[in-house]
Amino acid sequence: MESLAIQAGSFVLAATLPPISLTAACTSKLTPCGVIAYNWLDKQSAFFWIVSGLTVGVLGHLLDVQRWKGALRIFAVANYLAVTSCLLLGVLFLCETAPSLPIILGMLISILGAVLVRCLVLGDTPTSTFMHGTGFVFGLYAGVLAVTWVVWVSTPFISGNNFWGNQKDYIESHFSDTTHFVLWVSPLILSVGCLLVSLFSILRSKIHARNKDGQSEEVSLSVELRVLIYCLALALFGAWVAASLAAGDLGLSRVVLRLSAAMGASIAVYVGYFIGMANLRRASESNSAMQLMMELLHSDIAKGAFMLLAWPLLPVYFVYEVLHQAIRSCQKCMGVEPNDGDGPSVWITAEAKQHWEELVNWNRASVLERSMLVGIFYVTVQVGVSQGVTVFLSWLSDEIAPWSLPSMLAVLFAIGEVMFLLPPVPGLPIYLISGIVVVQRCLQDGRGFWVGVAVASVFSVVLKMVAVFLQQKAIGESFSRSVKVKKLCAIHTPTMKAVRHILSRPGLDTAKVAVLVGGPDWPTSVLTGILRLNAGQMLLGTMPIVLLIVPVVFAGAFMLQSAQEESESSADKYARLAEVMSMLSSVVLVGMMIAAVYQIESVQQQFKEEIEQGDWEKDPQEGEVLQAIEEDEQKSKAYEHFARWNLVPSGMQVLLYFGSMIMSASIYLVLLADPFESFSIADHVSDLPGGSILALINTSGYAAFACVLVAAAVLTTFELWRSMQVRSMAGDAEAKPLTSGDPRVAEGVLERA
């Protein structure tokens, strides 16, 4: 076994070492190649190559080269190679706008090298053995890259002094600050990427190793899919981290967001290619988590989210498919393609026809309604949570800056606790603002920078501990008999039962600390209150959160120093130090979450049979929670009944179409039109034109808000109409004597309506 793992690792090393080494050399300042490569990439036209790749791809698709047989097959291969090459070059040439893309691309090519080894050379090697070797190799890369970067940065006699403050002196000035920083920190980004691949490979190795102990393939597939769901959640969590980092207007937030997007895309490819949709459906039949995932993917919410992005594209797609069918018909006449019997009357391709029929068979009223709800939620969170929190904390910083330190801490404490008690609001910005205003106050009082950082760090830790205590005592224990709170915490799900089991164990262990620090914040703390666990022990187990809080406080303090420095080089040094601290905090945050996911997953597998029986870690009110969920579903059926398209009046149908389209326009304005001016938590509202936050809103921002208001009006109109129909139906049902006493009579009335 060990020899096979070493052999697999050797092949993976041979396939992945060249792209990893080339990426590290050509995307960083470890060698002169990084600066040379980025200088050359900046001069190229990304637009030309991307358009060329898309054009060649569209032509190949129109000509159906993938359906050509025999000698013509070579044209299909040439088309694939041309499209891939052009798009890869186009992505590389985008480095001026997105300097992290070459790093991500190099990482993906390295992973592809390991995949090719698996497919072409080691196809017969057991999965557990191959993944074990792969995990070791990528773990080795992670360690070597991290050590190399630290030594390069901190050792003056290796290529000179490589601290950030000395980096911009010898590089061409046309590079942006973000590009400078990415070039400097690139090996560390690569190290984090390799570490994630290593952890995933080792975890997958352990999953498949269980097959040899008698575990069925279905069980392994179920576990693997659950791990992938957690990885997808981790990618979404990375996007949330990016939103938190954006409060400081750090270029790093875009790097984190792109890494999360790459991770999500990789998971989608992995599921589609290595697991397959057939296995995915088979696993969902016996796995509650996968059933929930599949239901979500096929739900009207997912369809509504799809429509938000698809509205501008659907007309183009179907017009394109009409042209596609015309060309396909000509090729059939010429004998290039086999005749599949479509007949001359078919005006659109079979694939597009199937898509059209699927769209028509959707519950259109419900889908259009959900599209508006999803759009309003997204814009509200994007503007209210991200932009709103940033502006509010910046304004608060200006307002309390003249106050005494005790008064300042009192106000920050009150506002921070309110923010922590709101589940969707990120906690990182309050640590960041503490690092700015508290340090500034200490500097003005003559206490010094480091004293200010110490005070801000201790204050932030106390703030977090009090928030955990309040969530446990004020919410968890106070509402420990509340079915609504328990339903909100999802105490009936296997995941929360595993969390319950870990937290209920006596004493402190690694698993309990991992869950307290890296688990879902609000539900975990509330659950400790529901279980009436020892608050002191819970607070002690949460103390490692200091490893996350202190770097964020330092980031805020360095942002303050950057704004106060008169020297441009010193200001830039502190700005980059702020980004380094933010990256460190994000790495700690992701690491804590991975540890929590691993511990929760281990417990779920250990007690899998007990979970399936339904009595393990069962809450005394779990039956009431499930009944409440069922009642909610029953209540929603009456409203869903009037979301049937044939029951919606024609005028309301037109209104729903219009509302969904206008909401789609708002989403595209927010995503593409730069609706807001750049504003960081270190900026001042008083410096804006007119001293008003309205100066932050561009014309596209006002247009996006107008679209949201129109969509909200349409949604309100539809809800009022549906409510009137439900009340009318209920009145008709009450007017009829239900003498049988059978509740199914009322259900029959509903069905006949």
As an exercise, state the distance from [atom1] of [X] to [atom2] of [Y], rounded to the nearest 0.5 Å.
X      : Y      : atom1 : atom2 : result
Phe93  : Leu101 : CZ    : CG    : 13.0 Å
Leu540 : Leu516 : CG    : CG    : 9.5 Å
Leu190 : Ile104 : CG    : CD1   : 10.0 Å
Tyr38  : Asp42  : OH    : CG    : 9.0 Å
Lys464 : Ser460 : NZ    : OG    : 11.5 Å
Met107 : Leu112 : CE    : CG    : 12.0 Å

request  = Using a cut-off of 6.0 Å, state whether more than 12 heavy atoms not belonging to Phe459 lie near its atom CZ.
outcome  = yes
message = Check this for me: Trp149, atom CH2, are more than 12 non-hydrogen atoms of other residues, nucleotides or ligands nearer than 6.0 Å?
response = yes
For the student: nearest non-hydrogen atoms of Val439 and Ala557, plus distance = CG2-CB, 3.9 Å
request  = Output yes when a side-chain donor or acceptor of Gln44 lies under 3.5 Å from a complementary backbone atom of Trp40, and no otherwise.
outcome  = yes
Ser201 backbone acceptor or donor facing Ser205 side chain under 3.5 Å = no
What pairs with [X] under side-chain contact (heavy atoms from CB on, under 4.5 Å), at least two apart in sequence or on another chain?
X      : answer
Pro544 : Val513, Val517
Val147 : Val151
Ala142 : Ser191, Cys194, Leu195
Trp450 : Phe554

task = Quick one: list whatever passes ring-ring contact (aromatic ring centres under 6.0 Å, His included) with Tyr141, sequence neighbours left out.
result = Phe138
Which residues pass the side chain to side chain donor-acceptor pair (under 3.5 Å) test with [X], sequence neighbours left out?
X      : value
Thr179 : Ser176
Ser186 : Thr27
Gln444 : Arg441

inquiry  = Applying side-chain hydrogen bond (donor to acceptor under 3.5 Å, both in side chains) as the test, list every pair that has at least one member in residues 547-558; sequence neighbours left out.
reply    = none
inquiry  = Is the shortest side-chain heavy-atom distance between Pro187 and Leu30 below 4.5 Å?
reply    = yes
Listed once per pair and sorted, the salt bridge (Lys or Arg N to Asp or Glu O under 4.0 Å) pairs that draw on residues 81-94, sequence neighbours left out = none
inquiry  = Which residue in the set Leu183, Val185, Val182 passes side-chain contact (heavy atoms from CB on, under 4.5 Å) when paired with Ile103?
reply    = Val182
Parallel, tilted or perpendicular: ring planes of Phe420 versus Tyr431, cut at 30 and 60 degrees = tilted
